Amino acid sequence: MELPFSESYKIKMVETIRRSTREEREKWIKEAYFNLFNLRSEYVFIDLLTDSGTGAMSDKQWSEMMLGDESYAGASSYLKMRQTIKDILGFPYFLPTHQGRAAENVLFSVLVKEGDIVPGNSHFDTTKGHIEFRKAKAIDCTINEAFDTTLIHPFKGNVDLNKLEKVLENNSNERVPFIVLTLTNNTAGGQPVSMKNIREVSQLAKKHAVSLLFDSARFAENAYFIKIREEGYSHKTIKEIVIEMFQYADYATMSSKKDAIVNMGGFIAFRDREIYRQASTFNIMFEGFVTYGGMSGRDMNALSQGLDEGTEFDYLETRVKQVEYLGNELIKYGIPIQQPIGGHAVFVNAKQLLPHVPREEFIAQTLGVELYLEAGIRGVEIGTLLADRDPVTRNNRYPELELLRLALPRRTYTNNHMDVVAAALKNVYDRRDSIQSGYKIKWEAPIMRHFTVELEKSKIKLF
Ligand code: F0G
């Protein structure tokens, strides 16, 4: 008999989580103005809001914490991180930052100026934010296949080379500071980019004398998909694939809270010494001295160890297979999700799941609230609330897809938890005809409204 698949670790420490009653949840979510970000975490049973900084560190990472060198300058923890980044990613220079968006802030302070154009594959919100904040423009060149959730394509995160070439032809390279490749493509559903596409984007970049930046938050998951899905890579180790991927990048920004499996941290990696030097000044202003940049020595040690563990096949197989497990359970129940299933999260197609809720009433948010009410599970809306308003007309921007993202923290929940999530969503699905209305905005911030928005039911009715 073939042995079933199981996790590549055992559990050494546990954290208690508490179930709640539906009555409690009705009260709590109302007090939170129907915004899942406003809930106390103790009111959540299974927290799939994000996979960012929410994973479990290993015994080796915790022991590295004890060896941290907290010297202000020249700490051994800094030198260890420098060596790890050189060994695993192949970059000669790096700056530590406190998280991914801080890396963007420091690097873009050097590279991005007013009027610039930054093409890429579905820039993450903070990446786009840091571009637009500098009065530059982000242009999404993701392949069209990414927007059809039922279409099976092995690398839905890919860049459409024709779209990219058009942007590069229509703008002088003076105005394009870099192309950004988001690995994996979070917004499109945790979808990977193929090595072939990376290579072709790099060739286009070279042809137009433009630099290439990797937003590397989930680079190891991307490498796993290359190994599993791309011809010619099955015999290579993840570390070999990672080195090959990064040889095409001039810069990398990293949110270490994802594939370096730490709770907080980030960095920028450079090939060019001059840009590294210019960025160092901004790092000192915004983050900290160049040898710690917003991180403790112990955290840099855990990060180095995490980068090593995070690029091991067994770890990644366990990780991606758990996401796949949840996705397949949902498919079994007939629940519409983005396919193929992504690396860090399952993206539920809320428009299809709740066909009666009008789009003005925030369909994916309504689904998120229903899932919370059903079983205390917290996902995150990737829909109209997140898309925000048009800066000029102030009308809601209605995105093509209304998604509820269920992001899985690394090494944190078991597949029994996944069974609970799937059953809860099935229950919501079964009563979808009774969910006819959603929410309206009571208060919102002028930008990034989804974090703090306050909602009320669009129609007064009891739960
Ligand atoms: N790039 C990508 C692709 C991301 O997914 C994130 C964060 C960042 C950059 C910014 O990194 O949070 O360390 O400042 N994504 C989280 C998420 C917040 O839930 O997907 P950060």
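Counting starts at 1 for both ligands and their atoms, following the listed order. In this text the structure is predicted, and so the values were computed from the model without any measurement. The figures here come from the full heavy-atom set of this structure, side chains too, leaving out hydrogens, waters and symmetry mates.
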Provide, to 0.1 Å, the distance between [atom] and the closest protein heavy atom, together with that atom's residue and name.
atom                    : value
atom 8 (C) of ligand 1  : Phe124 CD2, 3.4 Å
atom 13 (O) of ligand 1 : Ser255 OG, 2.7 Å
atom 15 (N) of ligand 1 : Lys258 NZ, 2.9 Å
atom 12 (O) of ligand 1 : Arg101 NH2, 2.9 Å
atom 10 (C) of ligand 1 : Thr126 OG1, 3.6 Å
atom 3 (C) of ligand 1  : Asp215 OD2, 3.4 Å

With atoms numbered from 1 as shown, which atoms in ligand 1 lie under 4.0 angstrom from a non-hydrogen atom of [X]?
X      : value
Lys257 : 13 (O)
Thr50  : 17 (C), 19 (O)
Glu104 : 9 (C)
Thr182 : 3 (C)
Asn186 : 5 (O), 20 (O)
Gly100 : 11 (O), 13 (O), 14 (O), 21 (P)

When the side chains of residues 87-95 are checked against the rest of the protein, which donor-acceptor pairs come out under 3.5 Å, sequence neighbours left out?
unit_1: Asp87; atom_1: OD1; unit_2: Gln83; atom_2: NE2; d: 3.1

Determine, using ring centers only, whether [Y] and [X] are less than 6.0 Å apart.
X      : Y      : answer
Phe108 : Phe178 : yes
Phe451 : Phe37  : yes
Tyr224 : Phe313 : yes

Is Met264 touching ligand 1 with its side chain, its backbone, both, or neither, if touching means heavy atoms under 4.0 Å apart?
-> neither
At under 4.0 Å between heavy atoms, which part of Thr253 makes contact with ligand 1: side chain, backbone, both or neither?
-> neither
Between [Y] and [X], is there a side-chain donor-acceptor contact under 3.5 Å, judged purely by atom types and distance?
X      : Y      : result
Gln338 : Lys156 : yes
Asp314 : Tyr9   : no
His208 : Glu165 : yes

Do Phe214 and Tyr251 come within less than 4.5 Å of each other through their side chains, counting heavy atoms only?
-> no
The residue among Lys257, Lys258, Arg410, Arg411 that forms salt bridge (charged side-chain N to carboxylate O under 4.0 Å, His left out) with Asp51 is Arg410
Stacked cation flag Arg378 on Tyr372, 6.0 angstrom / 45 deg | no
Taking N or O atoms only and a 3.5 Å limit, does Gln99 qualify as a polar contact for ligand 1?
-> yes
Give yes if a backbone or side-chain nitrogen or oxygen of Thr184 is under 3.5 Å from a nitrogen or oxygen of ligand 1, and no if not.
-> no
Does OH belonging to Tyr33 count more than 12 external heavy atoms closer than 6.0 Å?
-> no
Determine whether any heavy atom of Arg405 lies closer than 4.0 Å to an atom of ligand 1.
-> yes
